[in-house]
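Below is one structure, written out as structure tokens; the observations come after it.
What you see is a predicted model; the values in this text were computed from it and never measured.
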Amino acid sequence: MNQSMINSAVTMGQVQTKLDSIGHNLANANTTGYKRRDTNFADLLVQQVNNQPVISQEAGRQTPYGIRRGAGAAIAQTAMRFQQGTMQETGRPLDVALTEPGYFFEIAETEDGDRRFTRDGAFYLSPNPAAQGENHLVNSEGEFVLSSTGEPISVPSTYEDLRINEAGTIQITLEDGTIEDVAELQIVNITKPQLLTSIGTNSFIFPDLEALDADIGDVVEEAAGTEIISQFSLEMSNVDTGKEMADMLDAQRFYQFNSRAIGITDQMMGIVTNLR
């Protein structure tokens with residue numbers, strides 16, 4: 001009976017992790033460029049208890065002899081799903097969306113020097129204190145958006161119109177009607193997005209390439225100039241709210257089932273304890 005309580009308690013802790021993951025997905029259902037996380041379970045170790053079969057009583061048995069006693073279930077994998085999200089038109093010139101999965105914008109490196117990538121194309125202009133009349137292109141967190149040369153993008157403040165074409169080239173129209181190419185967005189194609197790790201604020205890095213004996217060039221291909229940009233639009237999250245709600249109900253029932261198993265086991269132990 002102790003084993004039954006242990007199995008249920010272990011499984012409840014793992015189900016709680018799944019509920020946390022579902023809650024995180026639902027909380028970010030309206031977050032631009034968010035990629036949902038799926039949680040998968042696996043059985044823990046199984047103990048084989050061999051018995052002495054009575055051959056005459058085993059006629060027609062399809063399963064192996066003995067009893068296999070499990071130890072509950074555990075989270076086997078929490079994986080991000082990078083399927084394309086829906087497009088939402090905003091009419092805002094600095095909103096751009098990537099129309100193909102596997103491609104990312106590149107933003108400024110982390111303090112540790114790791115390259116960062118994002119699918120969130122909600123950009124803004126931030127004044128450059130070092131150069132009057134110049135603005136840096138940044139994301140919603142104020143971090144620099146990089147150009148195809150790996151440098152922050154600077155946009156003059158005296159423009160009449162701003163366009164970003166399908167290849168990611170930023171063009172401005174000046175007051176005299178002159179059209180000028182400012183920079184080209186750094187777009188990369190990540191061939192193994194499953195190796196990415198989220199570090200918050202809708203950005204990703206590769207933390208384990210050294211452990212895999214791989215270089216970032218093995219999984220990141222420069223794709224500047226690829227015609228996959230849609231201006232005046234944003235890619236929304238790929239969270240299916242209906243599916244997440246259904247998964248949450250299943251997880252809650254699973255949690256309740258294991259909680260009830262602990263209660264029944266406790267009652268059985270009480271009966272055994274009170275036997276005279």
Exercise for the section: Could you go through the side chain to side chain contact (heavy atoms under 4.5 Å, CB included) check for M87 and E235 one step at a time? Expected result: CA-CA 5 Å; M87 295 294 175; E235 179 193 8; 4.3 Å; yes
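- Residues N25 and R37 share a closest heavy-atom pair of ND2-O, 2.8 Å.
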Handout entry: Trace of the side chain to side chain contact (heavy atoms under 4.5 Å, CB included) decision for V188 with R115
Key = CA-CA 11 Å; V188 297; R115 293 176 66 180; 4.0 Å; yes
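- At most 12 non-hydrogen atoms from other residues, nucleotides or ligands lie less than 6.0 angstrom from CG of N30.
- The hydrophobic clustering, which links ILVMFWY residues whose side-chain heavy atoms are closer than 4.5 Å, places L195 and I216 together.
- I229 is listed as a side-chain neighbour of I187, based on a closest heavy-atom distance under 4.5 Å.
- Closest non-hydrogen pair, P93 versus Q231, comes out as O-NE2, 2.9 Å.
- Here the side chains of V96 and F105 are in contact, with some heavy-atom distance below 4.5 Å.
- Of the possible polar contacts, one joining the S8 side chain to the S4 backbone as a donor-acceptor pair under 3.5 Å is found.
- No donor-acceptor pair under 3.5 Å is formed between the side chain of S203 and the backbone N or O of T118.
- By the 4.5 Å heavy-atom criterion applied to side chains, I190 and F82 are not counted as neighbours.
- A distance of 11.5 Å separates CE of M5 from CE of M268, quoted to the nearest 0.5 Å.
- Within 6.0 Å of atom CD in Q256, 12 or fewer heavy atoms from other residues, nucleotides or ligands are found, so the atom counts as exposed in its surroundings.
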Practice task
Show your reasoning for whether side chain to side chain contact (heavy atoms under 4.5 Å, CB included) applies to I170 and D181.
Solution key: CA-CA 6 Å; I170 302 173; D181 289 348; over 6 Å; no
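- Q84 places a side-chain heavy atom less than 4.5 Å from the side chain of R119.
- Under the 4.5 Å side-chain heavy-atom criterion for ILVMFWY residues, no single connected hydrophobic cluster contains both F117 and L185.
- Nearest heavy atoms, E244 versus I22: O-CG2, 3.5 Å.
- Here the side chain of N258 pairs a donor or acceptor atom with the backbone of F254 at under 3.5 angstrom.
- Heavy-atom neighbours of Q132 CD from other residues, nucleotides or ligands within 6.0 Å: at or below the threshold of 12.
- E184 places none of its side-chain heavy atoms less than 4.5 Å from the side chain of S147.
- Residues M12 and I262 meet the side-chain proximity criterion, which asks for heavy atoms closer than 4.5 Å.
- Between R36 and D38 there is a salt bridge, since a side-chain N of the basic residue sits under 4.0 Å from a carboxylate O of the acidic one.
- By the criterion of side-chain heavy atoms lying less than 4.5 angstrom apart, applied directly or through intervening Ile, Leu, Val, Met, Phe, Trp or Tyr residues, L174 is grouped together with L125 in one hydrophobic cluster.
- In this structure a side-chain-to-backbone donor-acceptor pair under 3.5 Å is present from N202 to T32.
- Smallest separation of non-hydrogen atoms from T99 and S230: CG2-CB, 3.8 Å.
- Taking CG of L94 as the start and CG of L234 as the end, the distance is 10.5 Å to the nearest 0.5 Å.
- Annotation: cation-pi geometry satisfied between R92 and Y124 (NZ/CZ under 6.0 angstrom from ring centroid, within 45° of ring axis).
- Placement of I164 and L137 within a single hydrophobic cluster is found when ILVMFWY residues are connected by side-chain heavy-atom separations under 4.5 Å, directly or transitively.
- Residues V182 and I153 come closest through the heavy atom pair CG1-CG2, 4.5 Å.
- Taking D161 as the reference, R163 meet the side-chain hydrogen bond (donor to acceptor under 3.5 Å, both in side chains) condition, with sequence neighbours excluded.
- The number of heavy-atom neighbours closer than 6.0 Å to CD of E89, taken from other residues, nucleotides and ligands shown, is 12 or below.
- To the nearest 0.5 Å, atom CE of residue M248 and atom CG of residue D250 are 10.5 Å apart.
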Problem - Stepwise side chain to side chain contact (heavy atoms under 4.5 Å, CB included) check, L26 with T241 - result: CA-CA 7 Å; L26 289 173; T241 304; 4.0 Å; yes
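- Using modelled atom types, no side-chain atom of R116 and backbone atom of I205 make a donor-acceptor pair closer than 3.5 Å.
- Between atom CD1 of residue I6 and atom CG of residue L44 there is a gap of 12.0 Å, rounded to the nearest 0.5 Å.
- To the nearest 0.5 Å, atom CD of residue E160 and atom OG1 of residue T173 are 8.5 Å apart.
- Residue pairs meeting the ring-ring contact (aromatic ring centres under 6.0 Å, His included) criterion with at least one partner in residues 131-173, sequence neighbours excluded, are H136-F144.
- Ring geometry, Y34 versus H24: the interplanar angle falls from 30° to 60°, so the pair is classed tilted.
- Looking at residues two or more places apart in sequence or on another chain, you find a side-chain hydrogen bond (donor to acceptor under 3.5 Å, both in side chains) between D247 and K243.
- For the residue pair T178 / D176, a side-chain donor-acceptor distance below 3.5 Å is found, with atom types taken as modelled.
- Counting only distance, with no hydrogens or angles, the side chain of T169 and the backbone of N165 share no donor-acceptor pair below 3.5 Å.
- Looking at K35 and N238, their side chains come closer than 4.5 Å, going by heavy atoms from C-beta outward.
- Between the OG atom of S233 and the CG atom of D95 there is a distance of 8.0 Å, given to the nearest 0.5 Å.
- Shortest non-hydrogen contact noted between L19 and A251 is CD2-CB, 3.6 Å.
- With E180 contributing its side chain and I172 its backbone, the two residues share no donor-acceptor pair below 3.5 Å.
- The cluster map of Ile, Leu, Val, Met, Phe, Trp and Tyr, joined by side-chain heavy atoms under 4.5 Å apart, puts F104 and I107 in different clusters.
- Although no hydrogens or angles enter the test, the distance criterion places a donor-acceptor pair under 3.5 Å between the side chain of T11 and the main chain of A73.
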